[in-house]
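Below is one structure, written out as structure tokens, with a few remarks after it.
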Amino acid sequence: MTDPADLSWDCPVLHVDMDAFYASVAARGRPDLAGRPVVVGGGSRGVVLSANYLARERGVRSAMPMTRARRLCPRAVVLAPDFDTFSSVSSSVIETFRRVTPLVEVLSLDEAFLDVSGSTRRLGSPREIAEQVRSYVHDEQGITCSVGVAAAPSVAKLGSRLAKPDGVVVVPPDQVVAVLHPLDVGDLYGVGEKTRSLLHRLGLVTVGDVARTPVPTLQRALGHHLGAHLHELAWGADRRPVVARHAPAFFGGEPDRSMGAQETFGFDTDDRDVVVRELLRLAGRVGRRMRVAGVAGRTVAITVRFADFTTITRSRTLPEATDVTSEIHRAATRLYDALGLQRARVRLVGVRVEGLVPCVRVHRQLLLGEPERGWREADRAVDRAIRRFGSDAVAPASLLGGRATRSA
DNA sequence: TCTGGGGTCCTAGGACCC
DNA sequence: TCTGGGGTCCTAGGACCC
């Protein structure tokens, strides 16, 4: 108990964030990569998913176009992402967290909140627990993480950022204001580039500036919700409890509200047939994931991004929820055709189904008829074949040979 | 040489109903 | 006959996060 402030915390929260997670996992067991910049990403039109710290020294950042990253850091080793491995390492790390506390709120593959208020008697001060978590992760998974410790989740999250890489930052309650207020407003969770520059234009540059601005003023500038929310965050007053849950729809988790898939073409296209075939592939992917999860949805939405990067969405709500690939595809195609595009060059299309509910709650009138019943059974057969033989085994006839259009 | 893919939430306007 | 308000659903877009 080196930290007297620890004792005054009614509810200490840890935010654990893996350091350059994808890049670290991808480089594990690769001594040949030691001392080299590593970038995970790919595709001719892709972006950086993760960069290790040597690559970051050259200015490489997440979400940066790969072309730019290669220019900034020609020596970088570029690795393709392997999400199966990332997921499995992530699951192991989360199991490690659960040895410390059952109150683990998983935010993504590489970060989580841990409420350790029930663990201090057994494991020591919050700082000591943070160090234990770090050594467990390092010893068992061979990667490093950073931990922020505070009484509020939002402050703990800022702490882990300040701790990076490979460190711990504890922000006791009586130091929250001193730590928060000098930071740039862009450091607040929920403030991206647009909101940051809006606030800067208003003369609100630091978190302290936001904290000292009346809530109604913030609400006029940012909207009712965000205005009030940012004011709270600026005082470190986020008292949202840590909720034990797994982000994706795993057991016990809340079902996703929507499921979608999208894909950028290898080359922009103005060929309707190419787009409609792609919509079929995407509808198939989404439908299969919905059937695996046991959910159905009523609203089908498409996204279309044009060559100039302008992006539109169109959606239509069906009379009945569906998880049938052909129904999703039909709705998506109608939405696309309703755009009435002539020579527009399309860069990306996406399909999403929203308003998901568990299938058991969908009281389909099964008198609906044979055609629909037939499609459902066809979907099940395809799902079974894919489970047995892999996703290359089965495809609608119209997709056969279609892949060349994406990679040619 | 530009800019991925998976999501969530908020806002705002219009339709519609009470 | 005129006027108003509240609630909900639908649609489109935007911002944000990892």
Separation of [X] atom [atom1] from [N] atom [atom2], in whole Å?
{"X": "A:Leu318", "N": "C:dC9", "atom1": "CG", "atom2": "P", "value": "17 Å"}
{"X": "A:Glu111", "N": "B:dT8", "atom1": "CD", "atom2": "P", "value": "16 Å"}
{"X": "A:Leu233", "N": "C:dC17", "atom1": "CG", "atom2": "P", "value": "11 Å"}
{"X": "A:His225", "N": "B:dA12", "atom1": "NE2", "atom2": "C1'", "value": "16 Å"}
{"X": "A:Arg245", "N": "B:dT8", "atom1": "CZ", "atom2": "P", "value": "10 Å"}
{"X": "A:Glu105", "N": "C:dC18", "atom1": "CD", "atom2": "C1'", "value": "15 Å"}
{"X": "A:His229", "N": "B:dT8", "atom1": "NE2", "atom2": "P", "value": "17 Å"}
{"X": "A:Phe265", "N": "B:dG5", "atom1": "CZ", "atom2": "C1'", "value": "15 Å"}

Between [X] and [N], is there a contact of a side-chain N or O with OP1 or OP2 at under 4.0 Å?
{"X": "A:Ser315", "N": "C:dC10", "result": "no"}
{"X": "A:Arg352", "N": "B:dG5", "result": "no"}
{"X": "A:Arg314", "N": "C:dG13", "result": "yes"}
{"X": "A:Thr311", "N": "C:dG13", "result": "no"}
{"X": "A:Lys157", "N": "C:dC18", "result": "yes"}

Would you please say whether a donor-acceptor pair under 3.5 Å links the side chains of [X] and [Y]?
{"X": "A:His200", "Y": "A:Asp184", "answer": "yes"}
{"X": "A:Ser315", "Y": "A:Arg352", "answer": "no"}
{"X": "A:Asp115", "Y": "A:Ser117", "answer": "yes"}

Would you indicate whether the side-chain heavy atoms of A:Asp238 and A:Tyr189 approach each other to under 4.5 Å?
no

Does a side-chain heavy-atom distance below 4.5 Å link A:Ser24 with A:Met18?
no

Syn within 90° of 0, anti beyond: B:dC2 is syn

Can a salt bridge be assigned to the pair A:Arg281 and A:Glu278 using a cut-off of 4.0 Å between side-chain N and carboxylate O?
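A salt bridge links A:Arg281 with A:Glu278.
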
May I ask you to say whether A:Asp268 pairs ionically with A:Arg45, meaning some side-chain N is under 4.0 Å from a carboxylate O?
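Between A:Arg45 and A:Asp268 there is a salt bridge, with a charged N closer than 4.0 Å to a carboxylate O.
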
Just the atom pairs and distances: protein N or O near nucleotides 2-4 of chain B's N or O, under 3.5 Å.
residue	atom	partner	partner atom	Å
B:dT3	OP2	A:Arg347	NH1	3.2
B:dT3	OP2	A:Arg347	NH2	3.0
B:dT3	O5'	A:Arg347	NH2	3.3
B:dG4	OP1	A:Arg347	NE	3.4
B:dG4	OP1	A:Arg347	NH2	2.7

Between B:dC16 and C:dG4 - C1' atom distance, rounded Å:
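Each nucleotide's C1' atom is 16 Å from the other's.
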
Residues A:Ser119, A:Ile129; criterion side-chain contact (heavy atoms from CB on, under 4.5 Å); working and verdict:
CA-CA 8 Å; A:Ser119 313; A:Ile129 296 173; 4.1 Å; yes

Can you check whether A:Arg334's main-chain N or O pairs, donor with acceptor, with A:Asp337's side chain at less than 3.5 Å?
no

Would the distance check show the side chain of A:Thr101 and the main-chain N or O of A:Arg99 forming a donor-acceptor pair, the cut-off being under 3.5 Å?
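Not confirmed, A:Thr101 side chain does not pair with A:Arg99 backbone.
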
Given [options], the nucleotide with the shortest approach to the side chain of [X]:
{"X": "A:Thr313", "options": "C:dA12, C:dC17, B:dT8", "answer": "C:dA12"}
{"X": "A:Ile312", "options": "C:dG13, C:dC10, C:dC18", "answer": "C:dG13"}
{"X": "A:Ala261", "options": "C:dG13, B:dG6, B:dT8", "answer": "B:dG6"}

For A:Gly41, which contact category applies under a 4.0 Å heavy-atom criterion: base, sugar-phosphate, or nothing?
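Counting heavy atoms under 4.0 Å across all strands, no contact is made by A:Gly41.
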
So what does A:Arg70 touch, heavy atoms closer than 4.0 Å: a base, only the sugar-phosphate, or nothing?
nothing

Can you name the atoms? Protein N/O to nucleotides 14-16 of chain B N/O, anything below 3.5 Å, with the distance.
none

Any N or O donor-acceptor pair linking the side chain of A:Arg71 to the base of B:dT1 at under 3.5 Å?
yes

Passes side-chain contact (heavy atoms from CB on, under 4.5 Å), A:Glu263 versus A:Arg285? Steps please.
CA-CA 11 Å; A:Glu263 185 135 321; A:Arg285 248 152 68 184; 3.6 Å; yes

Parallel, tilted or perpendicular: ring planes of A:Phe21 versus A:Phe86, cut at 30 and 60 degrees
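Rings of A:Phe21 and A:Phe86: tilted, 30 to 60°.
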
Duplex segments of DNA chain C, taken as runs of at least three Watson-Crick or G-U pairs that stay under 3.5 Å
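Result, WC/G-U stems under 3.5 Å: B:5-18 with C:5-18.
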
Please lay out, stage by stage, how A:Arg330 and A:Glu327 fare under the test salt bridge (charged side-chain N to carboxylate O under 4.0 Å, His left out).
CA-CA 5 Å; A:Arg330 192 184 323 138; A:Glu327 288 181 0; 5.4 Å; no

Hey, which of these two, A:Gly260 or A:Leu226, hits DNA chain B nearer its 5' end, going by closest nucleotide?
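The 5'-side residue here is A:Gly260.
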
